[in-house]
Amino acid sequence: MLPTVSPAATNVASTLYDQHGRPLEYLRLAVTDRCNLRCFYCMPEEGIKYMPKHELLSYEEMLRLTGLLATMGVRKVRLTGGEPFVRRDLVPFMERLAQLPGIEDISLTTNGVLTAPHVPALARLGVKAVNLSLDTLDRARFASITRRDELPRVMETFYALLEAGVKVKINAVVMDGQNIDALVPLAELSRTLPVDVRFIEEMPFNGGSHEAGPDSLPWNHVRIRQHLEQHFGELTPLAMAAGATASDYAIAGHQGHVGIIAAYSRTFCGTCNRLRMTAEGGIKTCLYDQGVLDVRALLRGGKDDDEIAAALAAAFRFRAANGFEAERQRPLHQLSFESMATIGG
């Protein structure tokens, strides 16, 4: 049975806006904090302390909150983790999610290790796009970065998605001294295949501290573009949709595109339309904030939909203008950044 939303809650707003005039239409929903890889840029080698199961939101709670956000203007949901397919019964949950009134677009971010058997179901559900995390095509280097030898299964997922006609976007984190030689081979995938290959500035979300600012980043968005142009020639900029994080480019003779995401330089904050919900029910209005609302406490404290909607709307009225402001607002004891697995990729 699908969750219901009270009639009064549906009158909160037809479209959500923050105090900077940006619409909030896109929810990144982390279904778990667990992951079957141990990428060094995401978490320490020893891993992270996972939340006890009872502290994670149930699927019923996620459906209720997503349905409520849909009445307030959210139209797109991207499922993230950790690794989403580590959580059992993900596909049945997605089937119910797809039935929520107002949700028009469901997509998924995955590392691809467990995904291949579920590709037919994803295609049947009408999943619009799958972001596949893939930092290199070299098996030994992949094992070094992820601390797991799983590249063959990731590539099985990659080709299964293409065969099923699901849009594939590869996400590659650019890491100095680790995978720079992988950038061109990854971009070459777009030559004969209809894929978008996006290169992401490395961020500090690995469970440690990161005191240096974007100016210290060895491979920022400018240098990444210069590196690609040294091999492919001038990249042709494509129109950037409102709310997009990637600057996309065409390469002459390529079926697909390449993109660059200035995640640490934070050049796209002015049009950001995203909200994040962590697996334990924390709402983040910016990747770099410390969390602005504990909706799990509201749910389990017996608040009704109207009260939760009012709390959400109030939180959105105090959204940081950009990631730098959000970072400055973090308490001193939170300047060591949590793992991306606990935030939601």
Side-chain angles (χ1 to χ4, degrees), residues 30-50 79-88 90-91 108-122 129-164 166 168-193 195-208 219 224 256 258 261 263 279 338-345:
V31 298
T32 182
D33 61 344
R34 289 159 172 75
C35 189
N36 48 354
L37 298 182
R38 292 293 181 271
C39 302
F40 72 84
Y41 57 81
C42 183
M43 64 177 73
E45 185 171 2
E46 64 274 16
I48 60 174
K49 184 179 179 180
Y50 292 127
L79 300 181
T80 71
E83 165 50 41
F85 281 104
V86 169
R87 184 155 182 173
R88 295 178 58 183
L90 180 68
V91 170
L108 176 77
T109 294
T110 177
N111 63 32
V113 174
L114 302 174
T115 313
H118 304 287
V119 168
L122 298 181
V130 170
N131 288 7
L132 184 64
S133 300
L134 181 59
D135 300 318
T136 179
L137 296 174
D138 179 85
R139 185 168 180 174
R141 177 60 62 185
F142 181 95
S144 175
I145 292 172
T146 66
R147 305 185 181 110
R148 299 290 186 273
D149 182 20
E150 296 286 11
L151 182 61
R153 290 213 280 179
V154 176
M155 297 310 295
E156 179 185 1
T157 292
F158 173 64
Y159 288 110
L161 289 166
L162 291 176
E163 181 67 24
V166 178
V168 179
K169 298 180 180 180
I170 290 175
N171 285 346
V173 177
V174 179
M175 298 162 283
D176 188 41
Q178 293 290 335
N179 69 337
I180 302 307
D181 59 350
L183 270 59
V184 168
L186 284 166
E188 281 286 357
L189 291 173
S190 70
R191 184 182 297 275
T192 58
L193 298 171
V195 299
D196 292 347
V197 183
R198 291 111 57 85
F199 299 101
I200 306 173
E201 290 180 344
E202 188 178 5
M203 294 178 287
F205 298 99
N206 60 356
W219 284 84
I224 294 169
V258 296
I261 300 177
E338 58 268 63
S339 165
M340 182 63 86
T342 67
I343 299 173

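Along the sequence shown, residues are numbered consecutively beginning with 1.
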Within the structure provided, determine whether [X] and [Y] are in side-chain contact (heavy-atom separation under 4.5 Å).
X	Y	answer
L137	L189	yes
R87	R34	no
F40	I145	yes
M155	Y159	yes
L186	T136	no

Kindly compute the distance separating [atom1] ([X]) from [atom2] ([Y]), expressed to the nearest 0.5 Å.
X	Y	atom1	atom2	value
N111	N171	CG	CG	12.0 Å
T157	L114	OG1	CG	8.0 Å
N36	F85	CG	CZ	11.5 Å
L134	R198	CG	CZ	13.0 Å
L79	L122	CG	CG	9.5 Å
L183	M175	CG	CE	9.5 Å

Is D138 reaching over with its side chain to a backbone N or O of R141, donor-acceptor style, under 3.5 angstrom? yes
With a 3.5 Å distance limit and no angle check, can you tell me whether D149 reaches the backbone of R139 through a side-chain donor-acceptor pair?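 Flag not set: sc D149 to bb R139 has no pair under 3.5 Å.
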I'd like to know if the side chain of E83 pairs up with that of T32 as donor and acceptor (distance under 3.5 Å, no hydrogens or angles considered).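 Short answer, no.
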All side-chain hydrogen bond (donor to acceptor under 3.5 Å, both in side chains) counterparts of R153, not counting sequence neighbours: E150
What pair of heavy atoms forms the shortest contact from A263 to I200, and how long is it?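 For A263 versus I200, the nearest heavy atoms are CB-CG2, 3.9 Å.
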